Amino acid sequence: MISNEFIADFLEQIATLLELKQENKFKIRAYRMAAAKIREIGTTLAKITQIQELENIPGIGKSLAEKIWEIIHTQDCAFYRELVQEMPLGLLDLLRIEGLGPKRVMQLHQTLGIQDVAQLQLALNQGKLADLPGFGKKIIAKIEQGLIHAQERASRFPLYQVLELAKEIVGQLRQIPGVVQVEIAGSVRRWKETAKDLDILATGPAHLSEHVMDIFARLPQVSEVILKGSTKTTVKLRLGIQVDLRFVDPDCFGASMQYFTGSKEHNVALRTLAKAKRLKISEYGLFQINDQGSEIKIAGDQETSVYQCLGLAYIEPELRENTGEISFSQQNVLPKLITCTDIRGDLQMHTTQSDGQNTLIEMIEACQALGYEFMAVTEHSKSVYIAHGLDEQRLHQWIAEIHAAQLRYPNFTVLAGIEVDILKDGSLDLEASVLEECDVVVASIHSHLRMPYEDMTQRICDGISHPHVHILAHPTSRLINEREPIEYDFDKVLTTALKHKVALEINSHPNRLDMKDSLVRQVIEKKGLVSINTDAHSSSQLGYMYLGVHTARRGWCTPAACINTYSIEKLRQFLKKQA
Ligand code: DGT
Ligand code: CA
Ligand code: CA
Ligand code: ZN
């Protein structure tokens, strides 16, 4: 059965194509909103039996309902095909380059016949853009820079996008009768923030392998079969992501999971270790080599026993990057990593009071449904005016409203917070007197992201040295595959954070995951504190928490290093900021 995600992806791509065509803004918006709605809705649309039921969903009119109906029943959409005929799909890649919007992309397409990134590069090299109206020196420089970034990331997809597809595909493969196990391996199992491709392992009786490969190659998400064999098949999905499926014997499943989870660097180090013990490790198993040179299999069906037979404590996939995990494992001193169940509350979110989609009460009830003990509501401050940020007076009133709402939930703590901007000069966007009224102050940067290195370092250090600040939110402002991190002396900021007892955020939004894994590791090594939050702008986005938790795990984070695992008493102590 077709998932809501599958339908939403279609609508999203149609919206982008319409954007390129510079169609009516409301029409484009309708497709985007419908895609977002469909992703969030609880019911599986494919189960709907009457088209009228689709039309009854708010935001979905007759024409959209017809397209959704068509996608459900044909797994395709004629309107989408028409658009693709008119506009080469390569133009969509151009849209993702900084400095290029729909207007400029179409201008390049219509005047220079540019169809994809490679042709844009060529035109730039030949200086052809300089002759076009509206392409000044500054814009061209921006596009050139954007192109470099685009090439760096061209081949890698954001984790969340791959995970959503992985869930669908794994689900479809698990339904094949006779198949025993289907699991995700590769960088996605390690929760790396981007993936070059998706690796899936399946196991079952050998006679099934051809059949499984056939079904896999014909999945509705597949646009191209790149390689088809009886034990390995590689396909490309419509969204551009490549998927490797391997079918292995149940006897080797553990060893294969170990091998194909990687990382390559981790595997190379394991092989060296195995050699020193006169063992051989491969995707088929762990083998002892006797004096006659023959091999005896000592592990293979389970991954845990592979590590065990190598004399190692089990190593979580997130740690398998050959950055010290093997020697820690040998000495049995690996940290006990934080898990999702350790999280007792979310400390950054928005409501309809600024730019969120759900009311305070809806957010409170959603947090309770997640089993949390506390939450903090943190609207934007006044300088973020596009998000209806709060000034001193509105914040003062808002705090009173939060306290009033708290009375309705005696067994749950609603902290009144603010996400206050650190301005260009390092001062905060709101008066200290009103910040003092807040239970939680989250500080962050949303403007003037390009500043000289030293100035940016000073700005952030000044911002978090303010006595009321508890958390530095999305510390580098990067957006995965979209915006590079801001540059500053992270070590200096970390030292300042330690001195002033400020926690650094791991923002769990799929586009952010900021701080990233390697910065988390630096915080943990210096014995700093992190705070894992969703920055949710709707109740469903509260569910992104797991992405932040796995990023934390990649940074070797323990429960004790994360303030979201604190009891409410301990958290209140931390928020007092007393020595
Ligand atoms: P990616 O796809 O770039 O996000 O990262 P991975 O780690 O998923 O890399 P991928 O898909 O090329 O390969 C999957 C796993 O297979 C990798 O993590 C380890 C294993 N592997 C691949 N090539 C080699 C190799 O040359 N040597 C060893 N030891 N393992 C390899
Ligand atoms: Ca991979
Ligand atoms: Ca692969
Ligand atoms: Zn923010």
Side-chain angles (χ1 to χ4, degrees), residues 29 33 36-37 40 58-59 345-370 372-410 412-423 428-447 463 466 468-474 477 505 507-509 511-512 531-545 548 564 568 571 575:
R29 210 174 122 85
M33 300 282 276
K37 182 97 204 165
E40 291 186 0
D346 194 333
L347 297 173
Q348 215 221 132
M349 70 190 71
H350 302 263
T351 74
T352 44
Q353 184 61 219
S354 65
D355 60 343
Q357 285 170 29
N358 289 96
T359 63
L360 173 62
I361 297 298
E362 286 165 347
M363 293 303 272
I364 294 175
E365 297 192 345
C367 283
Q368 285 190 306
L370 289 171
Y372 290 158
E373 293 165 31
F374 56 80
M375 65 185 273
V377 185
T378 56
E379 307 295 359
H380 287 288
S381 62
K382 64 188 177 208
S383 73
V384 193
Y385 48 84
I386 43 165
H388 311 291
L390 277 60
D391 61 14
E392 282 79 0
Q393 200 194 342
R394 270 179 70 204
L395 177 56
H396 178 75
Q397 286 167 1
W398 180 232
I399 293 170
E401 271 185 61
I402 295 172
H403 288 164
Q406 165 74 85
L407 298 177
R408 292 165 60 177
Y409 304 95
F412 183 76
T413 304
V414 187
L415 299 166
I418 185 77
E419 179 183 9
V420 65
D421 256 59
I422 302 174
L423 302 176
L428 300 181
D429 192 22
L430 292 167
E431 295 295 331
S433 58
V434 70
L435 294 177
E436 178 142 21
E437 291 178 46
C438 295
D439 300 311
V440 184
V441 175
V442 175
S444 64
I445 283 186
H446 291 104
S447 61
H466 195 285
H468 295 106
V469 172
H470 302 105
I471 298 171
L472 174 64
H474 42 77
S477 289
E505 185 182 66
N507 192 294
S508 309
H509 192 281
N511 295 344
R512 291 193 185 269
S531 179
I532 311 177
N533 305 313
T534 62
D535 199 357
H537 283 65
S538 70
S539 54
S540 64
Q541 291 181 353
L542 292 165
Y544 291 148
M545 183 60 86
N564 305 65
I568 185 64
L571 181 65
L575 295 174

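The shown structure was predicted, so the numbers you read here are calculated from the model rather than taken from an experiment.
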Trainee: If you measure only the distance, is there a donor-acceptor pair under 3.5 Å linking the side chains of Asn507 and Asn533?
Mentor: no
Trainee: Once rounded to the nearest 0.5 Å, what's the spacing between atom CD of Glu373 and atom CG of Asn564?
Mentor: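 So the gap between those two atoms works out to 11.5 Å.
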Trainee: Using only atom types and a distance under 3.5 Å, with no angle test, would you say the side chain of Gln406 pairs donor to acceptor with the backbone of Phe412?
Mentor: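 Confirmed, Gln406 side chain pairs with Phe412 backbone.
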Trainee: Measuring from atom CZ of Arg512 to atom OG of Ser477, what distance do you get when rounded to the nearest 0.5 angstrom?
Mentor: 6.5 Å
Trainee: Is there side-chain contact between Ile399 and Asp439, with heavy atoms separated by less than 4.5 Å?
Mentor: no
Trainee: Does His396, at its NE2 atom, have more than 12 non-hydrogen atoms belonging to other residues, nucleotides or ligands within less than 6.0 Å?
Mentor: no
Trainee: Find out whether Ser383 and Leu423 are in side-chain contact, i.e. whether some heavy atom of one side chain is under 4.5 Å from a heavy atom of the other.
Mentor: yes
Trainee: Distance alone, cut at 3.5 Å: any donor-acceptor contact between the side chains of Gln357 and His350?
Mentor: no
Trainee: Apply the side chain to side chain contact (heavy atoms under 4.5 Å, CB included) test between Gln353 and each candidate in Glu379, His380, His388; give the one that qualifies.
Mentor: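 It is Glu379; the other options fail the test.
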Trainee: Can you check whether Leu430 reaches Leu390 side chain to side chain, under 4.5 Å on heavy atoms?
Mentor: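 Side chain of Leu430 against side chain of Leu390, heavy atoms only: no contact under 4.5 Å found.
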Trainee: Can you find a heavy atom in the side chain of Ser444 that is under 4.5 Å from one in the side chain of Ile422?
Mentor: no
Trainee: So, His446 versus Asp421: side-chain donor-acceptor pair below 3.5 Å or not?
Mentor: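 A pair is found: one side chain offers a donor N or O, the other an acceptor, under 3.5 Å apart.
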Trainee: Looking at Thr378, Ile364, Val377, Thr359, which hits side chain to side chain contact (heavy atoms under 4.5 Å, CB included) with Thr351?
Mentor: Val377
Trainee: Is there a donor in the side chain of His509 and an acceptor in the side chain of Gln348, or the other way round, less than 3.5 Å apart?
Mentor: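 There is no such pair between these side chains.
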Trainee: With side chain to side chain contact (heavy atoms under 4.5 Å, CB included) as the test, would you mind laying out the steps for Leu360 and Met363 before giving the verdict?
Mentor: CA-CA 5 Å; Leu360 173 62; Met363 293 303 272; 5.6 Å; no
Trainee: Starting at CZ of Arg394, measure out to CG of Asp391 and round the result to the nearest 0.5 Å.
Mentor: 6.5 Å
Trainee: I'd like to know if the side chain of Asp346 pairs up with that of Thr534 as donor and acceptor (distance under 3.5 Å, no hydrogens or angles considered).
Mentor: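 Result is yes, a qualifying pair exists.
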Trainee: Could you walk me through whether Ser531 and Glu505 pass the side chain to side chain donor-acceptor pair (under 3.5 Å) check?
Mentor: CA-CA 5 Å; Ser531 179; Glu505 185 182 66; 5.7 Å; no
Trainee: Are Trp398 and His403 close enough that some pair of their side-chain heavy atoms sits under 4.5 Å apart?
Mentor: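 Trp398 vs His403: side chains apart.
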Trainee: Less than 4.5 Å apart, side chain to side chain, heavy atoms only: is that true for Glu392 and Leu395?
Mentor: no
Trainee: I want to check something: taking the side chain as every heavy atom from C-beta on, are Leu415 and Leu347 in contact at a cut-off of under 4.5 Å?
Mentor: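 Yes; the side chains approach each other to less than 4.5 Å.
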Trainee: Check whether any side-chain heavy atom of Val420 lies under 4.5 Å from a side-chain heavy atom of Val442, and answer yes or no.
Mentor: no
